[in-house]
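First up is the structure itself, then whatever we jot down about it.
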Amino acid sequence: MATFLSKLGRLAFRRKGVTLLLWLLVFVGTGVAASSAPAPPADTFSMPGTESQEAFDLLTEKFPDASVDGATARVVVRAPEGTKITTPATRTEVERLVTELGVSSPQVAGVADPYESPAVSISEDGTTAYTVVTYKVPAAEVDDEAHDALDDATEQAREAGLTVEAGGDAVKIEQAMGGTGEQIGVLVSAFVLVLTFGSMIAAGMPLITALIGVGIGISGITALGSTFGLSGTTSTLAMMIGLAVGIDYALFIVSRFRAERAEGRTPEEAAGRAVGTAGSAVVFAGLTVIVALAGLAVVNIPMLTKMGLAAAGTVAVAVLVAITLVPALLGLAPVKVMARRGRLRYAVKPLSDRQRRRAARHEAKLARRTRPNLGTRWARYVLRHPVIVLLVGVIGLGTVAVPAASLELGLPGEGQMSTQTTQRKAYDLLSESFGPGFNGPLTITVQTVSADGTGATSAGTPADARRTGDEIGKALARTPGVASVSPATANKAGDTAILTVVPTTGPTEKKTEELVHALRDTADDLERSTASRILVTGQTAMFIDFSQTLDDALLPYLALVVGLAFLLLMVVFRSVLVPLKAALGFLLSVAAALGAVVAVFQWGWLADVFGIDAPGPIMSTMPIFMIGVVFGLAMDYEVFLVSRMRESYAHGARPGEAVVDGFRYGGRVVGAAAVIMMSVFSGFIVEDNDFVKMIGFALAIAVLFDAFVVRMAIVPALFALLGRSAWWLPKWLDRILPRVDVEGERLAGTQPAARSPRENTLVG
C-alpha cells in the first residue's frame, strides 16, 4: 500500500499540470451535469415494515381523492380580547380571510370554512377557530408565490385586529443557516490552519481541496438525483462529513510533506513519502468512514440509506482528492507551503549574501532549540503517570455519560420550534384552546375483511363501512388517554373507513406513545370480533414508529460499524489490542457526548446559556448521525496518531519512544484538526432552531471528548501500560491478515540525503 501510494504521490507531483487539469475537468463536468439534470424528486418518507407506513399506503389506495400527499396549512385565528369568534364583525373578518386564502394561489386546492363545522373548528370558549388550507402539491413543491400569498393573507387579518398564526408543512420555515455562526467557524478554521502551518499557502490547501471534493460530491448527487431518487436533502450529511474529512485528510498529508522536507528530503521524495505514509492512513481512515455511512442501510429507512450512501461516495472523492490533488498542489508551491520563517532553507534560486546570513542564523536557532514541543512534553507526562491519566479520563467521561441512560428519542415538531416562529405560536394557540392532544391527532383505518379467515377485503356499502367504523370508534374511545373520537368516514367502495382520535396529551409526550401502543393492542382484539383490519397511523404515530425503528437499529448499527472497523484497524496496525482500544474509546466518547446532549437539551441544564426554548426528547436521527460523523473523525485521529507510533515502532523504536514520536509529529496536527471541526460544528449552536443547536452541540462536544480525552489521554496511557503487548498479534492471525504496509516499512530505505551547502535548488 505505502509503495503504491508513494509512486502515485510522486507521479501526481511530477505531472502536476495533468493532475490539476483532470480534476478541473471532473469538477466542471459534474457541475455541468448537475446544472442540466432534471430537478431532484421531492422528499419522500417511508418506513417499510411499520404499521404507520402500511396504513398510509392503504389510505393512498382507498382514498385517492383525499390527496394525502398534498401539503396543508392550519391557520389559527383568535378573536380580539373580550369578543367571540362568532361576533358579527369578527366573523366577517374571518370569512374574508378564508376567501382570501382560497384565491391567493393556484396551488391551493381548497379551504375549510370553520363556521360550517363549529363543533370541530371552534373552541368551546368561542374565542379561537382554525381553518385548514389544502394544496394540490406536496410540501416540497409549494412555491414562493404560494408562501407569500399565505403570509399576505394572514398579515391582512392581523391588521384587522385578529390574532392569526399558521402551522403545517405548507408554511415556509425560516432558515438561518449560513449565518454568522458558520462564518465565524470558517474564520476560526482558517486561523487555526495558519497558526499550525505558519503559511497561508499551506493553510489554504486543506480548505480548497475539501471544497473541491465536496463540490464534486454534491454535484454528482444532484446529477444522479432523478435517476436514483435522491432528494435535495440527501446531500445534507454528505456536505457535513465531506467537508470535515476533506480538511482532515489534506491537513495530514500537507503536514507530513513539511515534516519530510524538514528532514532534508527533496520535494518529490517528500511528496512520495507523505502520500505513502500519511496517505495510507487517509485511505484506511476513509474506508472506516465509508463503512460507517454505508452501514446506515441496516436501519431500513430508504431516506437514511440514500443519505449514507451519498455521503460515503463524497468521502471516497475526498480520499482521491487527498492522495492525488494535494501532492499536485504541493508541486506548484513546494517552498511557500513551508513555514515563512526558515523558508530560505528551501529557496529555489541561489541565495544572496544577506539571505545566506539569515538562513545561517535560522539554522543556528534551530540547532539551539532543543526544547521538546507541547505534544512531546504531554506524551512524556502520560508515560510517567499512565494510571492517573487513564482513571481521570475514563471516570470523567463515564460521569458525563450518566444522563445518556435517560435518553428519550423523538422527532422535531412545531412544539419544539422557536417561540418567535408562527408555527410555534399556532401550536400554542391550539393547545390552549382545544387541548394539547389536538396538535397530534391519530388516524385509524378500518378495512372490512371476509369472515372466511383468508384476510381478503370484503366490499360493502359506505353506510356499512361507517357503521363498523363508528362501532370501533366507540370501543377505542374507552381507552385511557383518548380525548375524543370523530365519526367515521367511508370510501366510495365501502370497504374502508377512517376516523380521528385526539389524545389528551401532546404529540411528544410519553403518555401519547403509550396511548398508541394501547390503541394497537385494543385494535388486535377488535379485529376478531368485527371482521376488520384496524391500523393506527397519523403523523404522531409515524414519529413514534420512526423513533422505535431507529432505537431498535442503534445497537445492530453500532455492532456492524465497530466490528468492521475493528477488522480494518487490525489489518492496518497488525494488532488485536490497538483496534479494540480504538473501538472502546469511541464508544466511551459517544456515550459521554449523548450524556451531555441529554443533560442540556432534554433535562434543560444550561438551557438559558444555549438559548433553548423547550427542552424535550432528543431528535431520533441525531444519535445515528452523530455516530456516523464522529466515528469518521475519531478514526481519522486514531489512524493518523497511532500510525505514526506504529511507523516508529516498526522502524525499531521502543514502545515508549514510539508514543512520544507519534505525539511529536502528529499531536499538533490532530489537535488542529479537532479544533477546526469543533469551531465549524459550534457555529450551528447559535442558530434559532433547537434541533440545529442540538446537532452542532453534539458534534462539537463529541469531537472534544474523542480527540482530546480519548485519543490524546486515554490512548497513550493504555500504550504506556501495555508496552509491547499493545502490538501483539497471534502468529496464526499474522499469517492470515494481508500486509498493507501502512507504516511504510518498505520505504525505510529511502533515507534523507545529507544536506550540502549547495542544496538550494528544488528537484522536480
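As the structure is a computational prediction, the values presented were derived from the model and not from experiment.
- Salt-bridge annotation for R261 and E269: absent, with no side-chain N of the basic residue lying under 4.0 Å from a carboxylate O of the acidic one.
- Taking the side chain as every heavy atom from C-beta outward, V576 and F566 approach each other to under 4.5 Å.
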Check against side chain to side chain donor-acceptor pair (under 3.5 Å), W728 and S575: CA-CA 5 Å; W728 170 77; S575 166; over 6 Å; no

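- In this structure, Y249 and V326 have side chains that are not in contact, with every pair of non-hydrogen atoms separated by 4.5 Å or more.
- Atom CZ of F719 is separated from atom CE of M645 by 5.5 Å, given to the nearest 0.5 angstrom.
- Between D734 and R574 there is a salt bridge, with a side-chain nitrogen of the basic residue lying less than 4.0 Å from a carboxylate oxygen of the acidic one.
- When side chains are defined from C-beta on, M677 does not count as touching L699, because their heavy atoms never get closer than 4.5 Å.
- Summarising the geometry, atom CG belonging to L564 is positioned 10.5 Å from atom OG1 belonging to T288; distances are rounded to the nearest 0.5 Å.
- Within 6.0 Å of atom CZ in F4, 12 or fewer heavy atoms from other residues, nucleotides or ligands are found, so the atom counts as exposed in its surroundings.
- Between I736 atom CD1 and M570 atom CE the span is 9.5 Å, to the nearest 0.5 Å.
- The line from CG of L20 to CG of L24 is 8.5 Å long, rounded to the nearest 0.5 Å.
- Using a distance-only test at 3.5 Å, with no hydrogens or angles considered, a donor-acceptor pair links the side chain of W378 to the main chain of M712.
- Side-chain contact between F705 and V710 is absent, with no heavy-atom pair separated by less than 4.5 Å.
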Worked check of side chain to side chain contact (heavy atoms under 4.5 Å, CB included) between V642 and R711: CA-CA 9 Å; V642 179; R711 308 302 155 192; over 6 Å; no

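- Rounded to the nearest 0.5 Å, atoms NZ (K16) and CG (L325) are 13.5 Å apart.
- Rounding to the nearest 0.5 Å places OG of S589 at 13.0 Å from CZ of F708.
- No side-chain N or O of R273 forms a donor-acceptor pair with one of S6 less than 3.5 Å apart.
- The minimum heavy-atom distance between F631 and A292, with the atom names listed, is CD2-CB, 3.6 Å.
- No side-chain donor-acceptor contact under 3.5 Å links S255 to the backbone of L251.
- Looking at S219, its side chain does come within 3.5 Å of a backbone N or O of G215 through a donor-acceptor pair.
- The aromatic rings of F640 and F252 lie parallel to each other, their planes meeting at an angle below 30°, with 60° marking the opposite boundary.
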